[in-house]
Protein chains: 2
Amino acid sequence: MKYSRRTTPLKQTEIQGHHCSVDVRLEKLSKVAFFRELQQEQLDKINEHFRAAHIQKGEPVYHQGEEAKQLFVVVHGAVKLIHHTTEGKDILMDLLKPGEYFGGLPVLGDENYAETAYAQMTSCVLSIGAVDFEQVLHANPSVAVNLIEITTRRLKQARHRIHQFTTWPVEKRITSVLLMMGEKFGEDRKDGILIQVPFSRKDLADMTGTSSETASRIMRTFQDEGLIRSGRGWVAISDAEKLKQRYISDG
Amino acid sequence: MKYSRRTTPLKQTEIQGHHCSVDVRLEKLSKVAFFRELQQEQLDKINEHFRAAHIQKGEPVYHQGEEAKQLFVVVHGAVKLIHHTTEGKDILMDLLKPGEYFGGLPVLGDENYAETAYAQMTSCVLSIGAVDFEQVLHANPSVAVNLIEITTRRLKQARHRIHQFTTWPVEKRITSVLLMMGEKFGEDRKDGILIQVPFSRKDLADMTGTSSETASRIMRTFQDEGLIRSGRGWVAISDAEKLKQRYISDG
DNA sequence: CGCGTAGTTGACGAGAGTCAACTATAGTGG
DNA sequence: CCACTATAGTTGACTCTCGTCAACTACGCG
């Protein structure tokens, strides 16, 4: 309500060429978890294998079911992984920020992409093909070990989600996702934490396995309690502490 | 009903020492997916790092939350991974057969065991510690790549399960699990496929995220339709085709 | 300032969880 | 080999969360 005369508080996505400049590329590559132990020299070499691409907001990077031929790294923006189901329901498997990888390759056990990747906002991504990546893998053994660790972590996260889906009511799942989004995309403001990424009711519903109506209802009660603020496509957490309390005490 | 005068049709679990004999150990190790490309000589060496242990039916191998110190391989029997929740509900994350691995190590991104492992039947498992495993990893680079592949596959499976939990009704989830169990533990009989592993209503419920009562109700309708037979702790699929039909057409 | 889309709200019903009582099974010991 | 008992499985009744359909409101971009 307070924002009725304002437009979205999110940073505008003004992407220019410089977002994929060599400097930015290298910086982001060095932040990719599975390249972390590498020397600058090796990173420079690896960088040469990658190609940059801009993706407009809402556009797909690849489609579910297509032959898995590339591994991607988010450089700027945000990418969401959507699992489309035959029943017409979408599931948001992950929302990635700069430095995270996605996509798939046969070496990594992916024959086909398991989901469709969309640019959640206009983004810049790097990609590498199978042959090049295998070369990188062989040249840098530590990368393989890091990959195992990351994948195991994601597996754990997925199993944790299974736990949530089978034992928690929708309200608690939404609270959990809000707090997680605050951690990952949150920007501290004087009046709370603004989630710095486009984030609609439908996104929230697809992350928690509910309908956008139910998500809307629950978000409204949270707003009425002063826990969050929200507008079209954005959410801010006003009182993370109270939200967490509620989340824990709920049982 | 037909079995009212019989005991369980499952093979009795008569474990003797020979189930963990060197021969059997080597054979199972060679079947572990991440050792598949290794030579006999290397396997022999790896074998020396493993220790064998017998676990009685229902006993735990390790507990959820404990420091992850070992990687295990099922040699004989079956092991189930149970995620205990604070709400008192259990989730059966996986049911493993000989040749599959479980447990965790810091190298693999596990600080603590994420679940408790129970012997679903009296079993024999091999274990290896952190130091030894890292040695094996360094001596055999292909193992790391295989591990990535296996973990990615498990991640995919977990995400597929998330999909099922959020979009499928219980009946369809149960059908899916029955067919999967038939594939994995099924033994062909003249009158159908017997699932050769102890398998209670509670297990089924914990796999599909429902209550044992609901699982029981659905299993009863399946029995009434002649799709399955079942008794205390065992299930046989009489008509896999019809079951699959039902599963697909259900929407 | 107006339109398209995101978000809201209400009403209703179906799926599935829970509680509780009951029955059947299969291993145990007489 | 049969009775005994603990435990697995079944069934009914009730409740409640949440999904669905539908109408409505209001942002915020152009």
Side-chain angles (χ1 to χ4, degrees), chain A residues 1-10 12-13 57-58 85 87-91 120-121 164-174 198-206 208-224 228-235 250-251, chain B residues 1-10 12-14 57-58 85 87-91 120-122 164-174 198-206 208-224 228-235 250-251:
Chain A
M1 298 300 180
K2 292 174 188 169
Y3 288 86
S4 55
R5 308 241 161 171
R6 292 180 52 185
T7 86
T8 172
L10 298 182
Q12 292 309 310
T13 59
K57 179 172 181 170
T85 72
E87 295 89 1
K89 194 166 185 174
D90 296 336
I91 300 155
Q120 181 73 352
M121 51 195 284
Q164 296 188 356
F165 279 125
T166 51
T167 60
W168 292 3
V170 176
E171 185 178 302
K172 200 169 173 183
R173 302 206 299 265
I174 286 185
F199 192 44
S200 70
R201 293 292 181 272
K202 171 110 171 50
D203 290 326
L204 182 58
D206 290 346
T208 52
T210 185
S211 63
S212 53
E213 292 96 327
T214 298
S216 180
R217 271 184 256 271
I218 289 169
M219 290 296 270
R220 176 122 296 282
T221 68
F222 284 178
Q223 267 190 72
D224 292 347
I228 61 164
R229 273 159 297 127
S230 163
R232 209 166 169 146
W234 63 273
V235 176
D250 250 13
Chain B
M1 299 304 182
K2 289 174 189 170
Y3 288 85
S4 54
R5 307 242 161 170
R6 292 181 51 186
T7 87
T8 173
L10 298 182
Q12 292 309 311
T13 58
E14 350 122 323
K57 178 170 182 174
T85 73
E87 294 89 2
K89 193 167 186 175
D90 296 336
I91 300 156
Q120 181 73 355
M121 50 196 284
T122 300
Q164 295 187 357
F165 279 125
T166 52
T167 59
W168 292 4
V170 176
E171 184 178 304
K172 200 169 173 183
R173 302 207 297 268
I174 286 185
F199 191 43
S200 69
R201 293 291 180 272
K202 171 107 170 53
D203 290 326
L204 182 58
D206 290 347
T208 52
T210 186
S211 63
S212 54
E213 292 96 327
T214 298
S216 180
R217 272 185 255 270
I218 289 170
M219 290 295 272
R220 175 122 299 280
T221 68
F222 285 177
Q223 266 190 73
D224 291 347
I228 60 165
R229 273 160 298 128
S230 162
R232 209 169 167 143
W234 63 272
V235 176
D250 250 12

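Not measured: the values here are computed from a predicted model. Residue numbering restarts at 1 for every chain, and letters A, B, ... go by the order of the sequence lines. All heavy atoms count here, side chains included; hydrogens, waters and symmetry mates do not.
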State the [atom1]-[atom2] distance between [X] and [Y], to the nearest 0.5 angstrom.
| X | Y | atom1 | atom2 | value |
| --- | --- | --- | --- | --- |
| S212(A) | R201(A) | OG | CZ | 10.0 Å |
| D206(A) | D90(A) | CG | CG | 5.0 Å |
| M219(A) | R229(A) | CE | CZ | 11.5 Å |
| T122(B) | K57(B) | OG1 | NZ | 7.5 Å |

To the nearest angstrom, how far is [X] atom [atom1] from [N] atom [atom2]?
| X | N | atom1 | atom2 | value |
| --- | --- | --- | --- | --- |
| F222(A) | dG7(C) | CZ | C1' | 17 Å |
| K89(A) | dC18(D) | NZ | P | 12 Å |
| F165(A) | dT17(D) | CZ | C1' | 16 Å |
| L204(A) | dA6(C) | CG | P | 15 Å |

**Q.** Residues which pass side chain to side chain donor-acceptor pair (under 3.5 Å) with T85(B), listed by chain and number, not counting sequence neighbours
**A.** E87(B)
Q: With sequence neighbours left out, write down each residue that passes side chain to side chain donor-acceptor pair (under 3.5 Å) with S200(B), or none if nothing qualifies.
A: D203(B)
**Q.** By side-chain contact (heavy atoms from CB on, under 4.5 Å) - contacts of T214(B) (at least two apart)
**A.** V170(B), T210(B), S211(B), I218(B)
Q | Annotated protein contacts, base or backbone, on nucleotides 2-10 of chain D with a non-hydrogen cut-off under 4.0 Å, one of B, S, - each | A | ----BBSSB
Could you go over nucleotides 14-16 of chain C and give all protein N or O partners under 3.5 Å, atom names and distances?
| from | atom 1 | to | atom 2 | distance (Å) |
| --- | --- | --- | --- | --- |
| dA16(C) | OP1 | V170(B) | N | 2.9 |

Q: List the atom of F165(A), the atom of R173(A), and the distance in Å for their closest heavy-atom pair.
A: CD2-NE, 3.4 Å
